[in-house]
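Okay, so here's the structure we're looking at.
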Amino acid sequence: MKTLERQLADYGEFQRELHSPVTPNELTVRFEQPDRVLGPSRRPPRWVYVVAAAVAIAALVGGVAWLTGDGTEDDVINQTTITTLSETTETSVPITEDPLTVTDVIDIGFPIVPSIWGADRVLAAGDAIWVGIDSWDRTEVVASPLFRIDPATREVTGELTLPGQVIDLAADSGNLWALLADDTVVRIRIATREVTATVDLSLGFDEKDPSRSDLIVAGGGLWIAGATMPGFEDSAGAIARVDLETLALEVLHRPSGDLPATMWVGEHAGVVWGLDSHNKVLVGYDLSTYEVTSRKVQPQDGESFAVLGEDAIWVTGDGLTRFDLNSRSTSTIHQQGGGAIVLADGGLWEATAGNDDVTDAQVRRYDQRSGVVTDTVDGSTGWVHSMIATSDGSIWLSTTTGHLTRINTTTREVVEKIEVGTTGDLLAHEGAIWIASEDGTLIRVGHR
Amino acid sequence: MVAHGARADEFTEFVTLFESRLRESLTAVFGGEVGREAAADALSYGWEHWARISQMDNPVGYLYKVGLSRGKKAFSRKRPVFDPVDPIRLPDVEPRLAGVLAGLSQRQRTVVVLVHCFQWSQSEVGELLGLSKTTVQNHLERGMSALRRAIGGEA
């Protein structure tokens with residue numbers, strides 16, 4: 001028998017013989033007969049072009065009006081309050097007689113790189129859902145698309161090419177902000193879908209892998225926390241603020257060591273808290289004095305995630321830790337691995353962690369003051385990738401087995417479960433749950 | 001192409017130069033049949049949007065992603081299908097090789113097939129997939145180890 005390498009080479013030659021090249025003439029036939037292609041034809045009927053032209057003219061007129069100062073109230077940039085991932089989404093998904101079902105699968109065409117227990121590149125802003133595209137194991141900065149999805153028609157209604165991969169998205173009342181891999185942040189006007197400003201951060205992100213970076217809008221500013229992955233010798237980290245009105249950039253903290261915040265947690269008593277998610281260090285920035293406080297909350301390095309609760313920050317990683325914001329003391333709740341966490345029904349909910357070859361996750365509810373488990377809920381299938389809470393008193397779990405599970409936080413039981421076939425970051429919007437999938441689709445799940 | 005003009009000529013040249021790259025890379029993901037279809041579909045998309053795609057730094061990489069998306073649709077998340085080894089044409093190739101290749105993770109399979117079946121350099125693979133050379137090397141080593149384990153001994 002030949003070596004494995006030689007066998008593979010022979011098999012490759014065999015493949016070449018079996019499958020002929022795609023010729024330009026074949027493409028001509030394919031293009032003229034779109035039904036032959038694998039996916040649906042992207043060429044819309046003629047009437048769509050007519051409508052699109054009308055819309056474009058209207059948008060152009062609207063854009064000129066905005067430039068000349070005739071904008072609507074929507075144009076005003078408002079100062080907003082701190083938003084964090086720990087907040088319950090102000091969306092209700094009513095339970096009806098119709099079963100929960102996948103109502104739409106929207107083809108984005110690019111894999112949507114998942115976040116770790118959050119949803120960095122998928123955002124609802126204005127009257128649309130926005131999906132930014134990053135790449136796995138980024139090795140260079142390349143122009144990347146930002147998609148606009150109309151939740152009413154459930155179609156991709158816009159595509160904007162940005163100069164770098166999208167690391168994170170945030171929004172204020174009139175604008176979408178995108179942190180890009182080329183060390184810039186761009187402002188996109190939601191109404192006109194145009195890039196209206198680019199701020200060169202020059203924070204020294206390693207453009208190849210600024211994967212641990214975060215962006216939020218808070219207190220009239222756009223806050224950027226960023227660091228490269230550990231292990232890079234030139235690893236840089238920074239905390240910066242961009243004024244929403246003047247676009248002035250202020251770099252508040254640029255540690256030379258390994259103490260960058262890479263995730264925003266939220267604001268408490270005038271201090272904005274971030275998490276160095278690899279080193280598991282909480283970092284606090286006093287908004288008035290810019291004094292920096294840091295506290296290592298779990299001993300082992302590795303991925304972690306935090307939410308801001310009642311007078312405490314909860315950190316999941318190698319276990320679950322409660323950091324009391326008043327006493328600045330740390331309590332270890334458990335050390336049996338960390339899973340997704342979210343606040344709901346006045347408590348902290350945690351999905352237990354595990355390995356691919358172990359059984360299904362269990363969801364626990366903790367009392368926020370004491371850290372005691374008050375309830376456990378079984379019934380989810382697989383391990384939890386993403387978990388969110390909705391204002392109807394539900395938490396939703398996207399699991400590695402491709403299931404979406406709904407837990408009623410009042411009755412503390414699984415009330416709905418559906419096999420979606422994929423996992424991804426979750427977003428609740430307009431009465432439905434949206435799953436941004438690694439396989440390049442945005443899936444809407446709801447009741448018809 | 002039936003269409004004429006500088007744009008068509010440019011696209012035809014692109015197909016001539018890069019079709020095999022695209023087809024081989026998608027074959028590595030999906031297997032021969034779906035991979036070829038995905039490549040053809042991606043190139044059709046490329047022709048439809050050539051004005052935009054031709055301006056990109058890495059149009060092959062972009063169309064690879066298009067092909068991935070289209071292929072996955074047709075694929076219905078099933079395992080890839082590699083053509084069975086023909087024992088007459090390939091008497092010295094382990095008959096289980098095709099099935100074992102299909103069982104590798106997508107990343108490992110893609111790297112192994114491109115490097116060893118289609119003789120791509122590791123740099124070329126890294127450029128297409130957006131991976132560092134070290135990462136490509138890791139996937140390659142793990143994939144080859146898994147293959148050896150699956151078909152038994154030091155084949």
Side-chain angles (χ1 to χ4, degrees), chain A residues 1-32 34 36-43 105 107-111 133 135-145 159 161 165 208-209 402 421-422 439-441, chain B residues 1-3 11-12 15-16 19-20 23 27 32-33 35-41 43-45 47-48 52 56-58 61 65-66 68-74 77 82-83 85-86 89-90 92-94 97-98 112-113 116-119 126-127 129-132 135 144 147-148 151 154-155:
Chain A
M1 191 67 80
K2 294 178 178 176
T3 64
L4 179 56
E5 288 81 358
R6 189 62 246 167
Q7 291 182 52
L8 287 165
D10 288 350
Y11 184 70
E13 200 55 42
F14 175 59
Q15 288 282 302
R16 285 196 176 107
E17 291 171 11
L18 283 180
H19 302 287
S20 60
V22 180
T23 64
N25 283 339
E26 181 185 344
L27 291 176
T28 302
V29 173
R30 213 170 250 276
F31 191 70
E32 296 302 322
R36 290 189 54 185
V37 303
L38 282 171
S41 170
R42 288 188 176 227
R43 186 193 291 181
V105 178
D107 181 17
I108 300 295
F110 292 83
I133 300 302
S135 48
W136 286 103
D137 305 313
R138 188 186 308 115
T139 56
E140 60 179 345
V141 174
V142 295
S144 298
E159 179 181 342
T161 300
Q165 292 92 335
K208 294 177 181 175
D209 209 344
T422 188
D439 65 12
T441 54
Chain B
M1 304 292 291
V2 168
F11 183 71
T12 301
V15 173
T16 305
E19 180 275 339
S20 65
R23 177 167 41 85
T27 293
E33 190 174 339
R36 186 188 184 282
E37 285 294 299
D41 204 18
L43 286 168
S44 290
Y45 180 90
W47 168 240
E48 192 173 357
R52 176 168 61 90
M56 293 180 176
D57 291 337
N58 184 5
K65 290 174 180 172
V66 172
L68 273 184
S69 171
R70 300 301 176 91
K72 281 184 177 176
K73 266 188 169 178
R77 301 185 189 94
F82 281 83
D83 299 292
V85 173
D86 179 349
R89 168 72 179 77
L90 302 170
D92 292 327
V93 175
E94 164 62 48
L97 184 64
V112 166
V113 169
H116 287 303
C117 293
F118 296 134
Q119 317 305 316
E127 189 177 343
L129 300 180
L131 300 177
S132 69
T135 306
M144 291 298 281
L147 278 181
R148 287 196 168 90
I151 63 180
E154 289 294 314

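Residue numbers begin at 1 in each chain, while the letters A, B, ... track the order of the sequences.
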Which distance, rounded to the nearest 0.5 Å, do you find between the CD of A:Gln15 and the CZ of B:Arg23?
10.0 Å
If only atom types and distance count, is the side chain of A:Tyr11 paired as donor or acceptor with the main-chain N or O of B:Glu94 below 3.5 Å?
no
Top contributor to chain B interface from A:Gly12, A:Ala9, A:Pro21 [non-hydrogen pairs under 4.5 Å]
A:Pro21
Evaluation steps, side chain to side chain contact (heavy atoms under 4.5 Å, CB included), between A:His19 and B:Thr27:
CA-CA 10 Å; A:His19 302 287; B:Thr27 293; 5.8 Å; no
Rounded to the nearest 0.5 Å, what separates atom CG in A:Leu18 from atom CZ in B:Arg36?
12.0 Å
For A:Val22 and B:Val15, work out which heavy atoms get closest and say how close.
O-CG1, 4.0 Å
Measuring heavy-atom distances to chain A, does B:Met56 have an atom under 4.5 Å in its side chain, in its backbone, in both, or in neither?
neither
Does the side chain to side chain contact (heavy atoms under 4.5 Å, CB included) test come out yes or no for B:Asp92 and A:Arg6, once each step is laid out?
CA-CA 9 Å; B:Asp92 292 327; A:Arg6 189 62 246 167; over 6 Å; no
Is the shortest heavy-atom distance from the side chain of B:Leu147 to the side chain of A:Leu4 under 4.5 Å?
yes
Are A:Glu5 and B:Arg148 ion-paired here, with the side-chain N under 4.0 Å from a carboxylate O?
yes
Atom OG1 in A:Thr161, atom CZ in B:Arg52: separation rounded to 0.5 Å?
6.0 Å
Residue among B:Leu97, B:Val66, B:Val113 with most heavy-atom pairs under 4.5 Å to chain A:
B:Leu97
Look up atom CG in B:Asp83 and atom CZ in A:Phe14, then write down how far apart they are to the nearest 0.5 Å.
6.0 Å
